[in-house]
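Take a look at the structure set out below.
The sequence lines fix the lettering, A, B, ..., with proteins before strands; numbering per chain opens at 1.
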Amino acid sequence: MLNNFCFWFAALVALGASVLAVSRRNAVHGLLWLVLSLLAVAVLFFMLGAPFAAALEVIVYAGAIMVLFLFAVMMLHLGPAAQRQEAQWLAPGVWIAPGLLALGLAADLIAIARLAGDAPAGAGIIPPEAVGAALFGPYVIGVELASVLLLAGVVAAYHLGQRRDRSLGEGAGSG
Amino acid sequence: MPELLWLIPGLPMTGFALLALWGSRLPRVAVSLVGVGSVALSAALSVAVAVSFLASPPADHAYSLTLWQWLGIGGLQADIAFRVDPLALLMMLVITIVGALIHLYSTEYMARDEDYSRFFAYMNLFVGAMLTLVMADNLLLLYLGWEGVGLCSYLLIGFWYRDPANGKAAMKAFIVTRVGDAALAVGLFVLYTQLGTLNLEELAARAPAAWPVGSALAVLTAALLLGGAVGKSAQLPLQTWLPDAMAGPTPVSALIHAATMVTAGVYLIARTHAIFALAPTVLLVVAVVGVVTLFLAAVSALAQWDLKRVLAYSTISQIGYMFLALGVGAWSAAMFHFMTHAFFKALLFLAAGAIIMAMHEDHSIFRMGGLRHRMPLVFWTFLAGACSLSALPLVTAGFYSKDEILAAVWAADGGQWLWVMGLVGAFLTAVYSFRVVYLVFFGEAQKEPAHQPGWRMAVPLAVLAVLALVGGALNLPRSLGNLLLLDHFLEPVFAGLAQHRELTVAQEIHLQLIADVAALGGILVAWLLYRRYRADLAAVADLAVVRNLRTYWLNGWGFDWLYDRLVVRPYESLARLNRADAVDYLVHALARFVAETHRILSRTQTGEVRWYVAVLTCGVVILVAIMVLR
Amino acid sequence: MASFPFSHGMVLAAALFAIGLAGVMARRNLIFVLMSIEIMLNAAGLAFIVAASRWQQPDGQVMFLFILAVAAAEVAVGLALALRIYQSLRTLDLDAINTMRG
């Protein structure tokens, strides 16, 4: 009973926080709701016997990545003017078409999920040792590829983040 | 001996390769040595093969040599393989010996031509292809040689390509013979699909077993093969290309368009006689085609003013005799006439070449004249050739071969009418031959000859003159010695066929006498018309009706005009109508459709990421829904 | 430890994914679009974890780690791009950034 309550609670928090995260006008508010959503999902991970994934979710997602977002928001000066702009963009009618499409996709996916049957999930813990052994056993190529991908991301972020006056649109000026 | 057979076509082919690759860098002496030497060696080899063949005839009367497998696709197998039976051997001997003489002659005739090595390269290629044609043991290889000689004919007619007229003549020859070649190709397809082989021996064995005499397939196949033969041998209705083919150098006319290639059709029919024997209707057509052609061409030859065109029409006419012989089943008589014709017609062309060279490339017989004393060697050799062509009794080769044909025609069922036509043709032959002799060698001299033949031209002329006179000794009729060497030699090839009925000796003598009268009468008429009363008849020649008739015959009975109206002009107007090509229109429509669709689709490329995502989602939703609902 | 039907976990993942997708389609601000993409990636990770738990195999968690790596790289590059775009065009409006129009 308690278990079920935990699941429903975390799930509702995750859904509600996600909805709020994508619909706020203020970017910082949206980010905070997103962090809440991620934390709720981390709780679910923990309940599903994946403590390692739950820890990474908190540290990397809710921690590192969200901080990165926060820095970006700060650097972009998304102040009151931006919020007025958002209010103009986010007229209620804007949500109709995306909402319908998303609902359609959700209906599709849920129909597939229903096919999976009611086998229980979260029966036991999968310890981090098992994950580590799998990572550096059969998935070692994937790990290497992920490291290359991250390196590429670092290089690209560094390159793009360099301060230059050359503009994308006009192509004028020089570094 | 059989293991050396490949050298016979191989040597000229090698000569071609050498000359084609390095010819332009070799000195002329080397070019001559390669060009003439390869063919001469191949002639020597042919003679050696013939000697060994006669000394110890091989089993089943043929040498065979398989070099390698050429094609093997499913059931279709064709080898590069030679089979030399008496028929092929006869062809090989004529091709290589006459070919070698003409090559020797060419070294002088073409001496001042800037494309000397190209000429000999083509000539060697021709000899190689022609030998492949006659030595082939299957029809596919024969077809390769067949197309090879067609190619060489095209290349050599258009040898002096700087004059567009020569190029046009070459194309005409190529396209007109192509009509026949297409028929031949279809004939091969029919043979293969029906009998499952293209090997000549197997065909000869299977055809009679599969097809009853006169069955539709046999008639169809024989007719298709005849189509190929008619095209290559310039017989009615595809004869129009040969007179124009005289645009090539004279040795080419001698070798290709008189002695060898144009007789390939005769060879083809003789080679596939087993199939023709199953189609008596087609054989009758062969005879009729031959006799009509020989008559029409002989009349046309009378009206020509161009020395080489006279000889060209004469060639068409003489091949008509060969077809006539084939049509009545006188196979060996046809081959006999092929041989003697190769001798005397090559001789006539070579002599004509010497005259034309002396006359600064002027072909008109009316501007020659009185050359008897100025070019005695040419006169005597040309006279020998003309006598042989006119079948002057007893002393010429042409007499014996033509006589054998006429006798066989008379003996055939219902052959009397054909015989009468053949006799008229013989008469006309004598008239036009001696018309040329009188106009060119007698009468007033109009020009001084600029060039007297040197030894390289004189030797071939002399040798061919001797052959043209004594070549008939190979086959003396029963009335005159009964020495049928050639008939016996060729017997194994044509064994088992219904031979023409034998005539009594008395009948033979009667027929010969009538033919003699025709030939001598023709010479007499020529003398009367073109020598004795030439001046008096000028008024007659000027009459409008005579002039019109002469123009009509000069143009070869208007066949060119007819084909121009029937085929060329409709085709051209069709092409004009279709200038905005219907097929192009389709293609352009497709292009326009693509461009239009592109224009519409490019509207969807708004550059707006959200639009892309929405479209993508639509696709995913629909696809997943299909997956789920299925 | 909790135990609930496998399909519930998958339905939740699907719902989160749909919410993220709706955000991507509806928002015009690049930062919010990136945040919505984070939600979608996270939903995919959740599906993998649920599957790992259902079959008691570590492979699902390994996949989650890979998704994490992809998300990190994507955010780094995406935010850097957002900064560059803002510097150049003085806007984060996705509809205004349509220079790749066909």
Side-chain angles (χ1 to χ4, degrees), chain A residues 3-4 6-7 11 14-15 18-19 21-22 27 30 34 38 41 45 47-50 53 56 60 65 68 72-73 75-76 86 89 94-95 98-99 101-102 105-106 109-110 113-114 116 118-124 126 130-131 134-135 139 142 146 149-150 153 156-157 160-161 167-169, chain C residues 1-12 14-23 25-29 31-32 35-36 38-39 42 46 49-50 52-54 56 58-59 61-62 64-66 68-73 75-77 79-89 92 99:
Chain A
N3 287 344
N4 265 344
C6 281
F7 169 75
L15 286 172
S18 296
V19 169
V22 297
L34 182 55
L38 294 173
V41 172
F45 285 178
M47 282 161 54
L48 285 165
L56 281 178
V60 178
I65 294 180
L68 204 58
V73 169
M75 289 170 78
L76 290 171
E86 288 289 338
W89 284 344
V94 169
W95 287 97
L101 276 176
L105 186 66
L109 293 177
I110 289 167
R114 302 294 292 183
D118 282 344
I126 299 165
V131 179
L135 259 185
Y139 290 102
L149 177 71
L150 287 170
L160 290 168
S167 70
L168 281 176
Chain C
M1 272 313 301
S3 177
F4 51 86
F6 169 64
S7 59
H8 288 190
M10 290 314 245
V11 168
L12 177 61
L16 283 174
F17 189 85
I19 290 167
L21 182 65
M25 283 187 286
R27 303 300 300 242
R28 288 171 72 169
N29 189 319
I31 293 295
F32 281 97
M35 282 161 58
S36 304
E38 288 307 308
I39 293 177
N42 195 45
L46 175 62
I49 295 289
V50 172
S53 166
R54 157 76 176 72
Q56 290 292 305
D59 306 61
Q61 293 196 31
V62 171
F64 170 74
L65 290 179
F66 288 151
L68 204 63
V70 171
V75 163
V77 177
L79 286 175
L81 273 172
L83 287 176
R84 291 291 300 141
I85 287 168
Y86 189 71
Q87 279 170 17
S88 307
L89 304 178
L92 287 172
T99 51

Among [options], residue most engaged with chain A (heavy-atom pairs, under 4.5 Å):
{"options": "Leu92(C), Asn29(C), Ile31(C)", "value": "Asn29(C)"}
{"options": "Val70(C), Leu21(C), Leu46(C)", "value": "Leu46(C)"}
{"options": "Ala15(C), Gly20(C), Ala76(C)", "value": "Ala76(C)"}

May I ask you to test the [X]-[Y] pair for a side-chain heavy-atom distance under 4.5 Å?
{"X": "Trp95(A)", "Y": "Arg27(C)", "answer": "yes"}
{"X": "Leu65(C)", "Y": "Tyr139(A)", "answer": "no"}
{"X": "Val41(A)", "Y": "Ile49(C)", "answer": "no"}
{"X": "Leu48(A)", "Y": "Val50(C)", "answer": "yes"}
{"X": "Val22(A)", "Y": "Phe32(C)", "answer": "no"}

I'd like to know if the side chain of Arg28(C) and the backbone of Trp89(A) have a donor-acceptor N/O pair within less than 3.5 Å. no

If only atom types and distance count, is the side chain of Gln56(C) paired as donor or acceptor with the main-chain N or O of Ile126(A) below 3.5 Å? no

Rounded to the nearest 0.5 Å, what separation is found between the CG atom of Leu109(A) and the CG atom of Leu16(C)?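 With rounding to 0.5 Å, CG (Leu109(A)) is 11.5 Å from CG (Leu16(C)).
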
Report the distance from atom CD1 of Ile19(C) to atom OG of Ser18(A), rounding to the nearest 0.5 Å.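 Here the interatomic distance stands at 5.0 Å.
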
Output the option from [options] having the highest count of non-hydrogen pairs under 4.5 Å with chain C.
{"options": "Val94(A), Val19(A), Leu68(A)", "answer": "Leu68(A)"}
{"options": "Ala21(A), Ala50(A), Ala14(A)", "answer": "Ala50(A)"}
{"options": "Leu56(A), Leu76(A), Ile110(A), Leu101(A)", "answer": "Leu76(A)"}

If you compare all heavy atoms of [X] against all heavy atoms of [Y], which two are closest, and at what distance to 0.1 Å?
{"X": "Ala18(C)", "Y": "Ala106(A)", "value": "CB-CB, 3.6 Å"}
{"X": "Met35(C)", "Y": "Gly30(A)", "value": "CE-C, 3.4 Å"}
{"X": "Met10(C)", "Y": "Ala113(A)", "value": "CB-CB, 3.5 Å"}
{"X": "Ala11(A)", "Y": "Leu12(C)", "value": "CB-CD2, 3.7 Å"}

Take Phe66(C) and Leu135(A), measure what side-chain contact (heavy atoms from CB on, under 4.5 Å) needs, and give me the verdict at the end. CA-CA 10 Å; Phe66(C) 288 151; Leu135(A) 259 185; 4.2 Å; yes

By a 4.5 Å heavy-atom criterion (distance strictly below it), what part of Val60(A) contacts chain C: side chain, backbone, both, or neither?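 It is the side chain, since no backbone atom gets that close.
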
Should the pair His8(C) and Phe7(A) be assigned to parallel (<30°), tilted (30 to 60°) or perpendicular (>60°) ring geometry? parallel

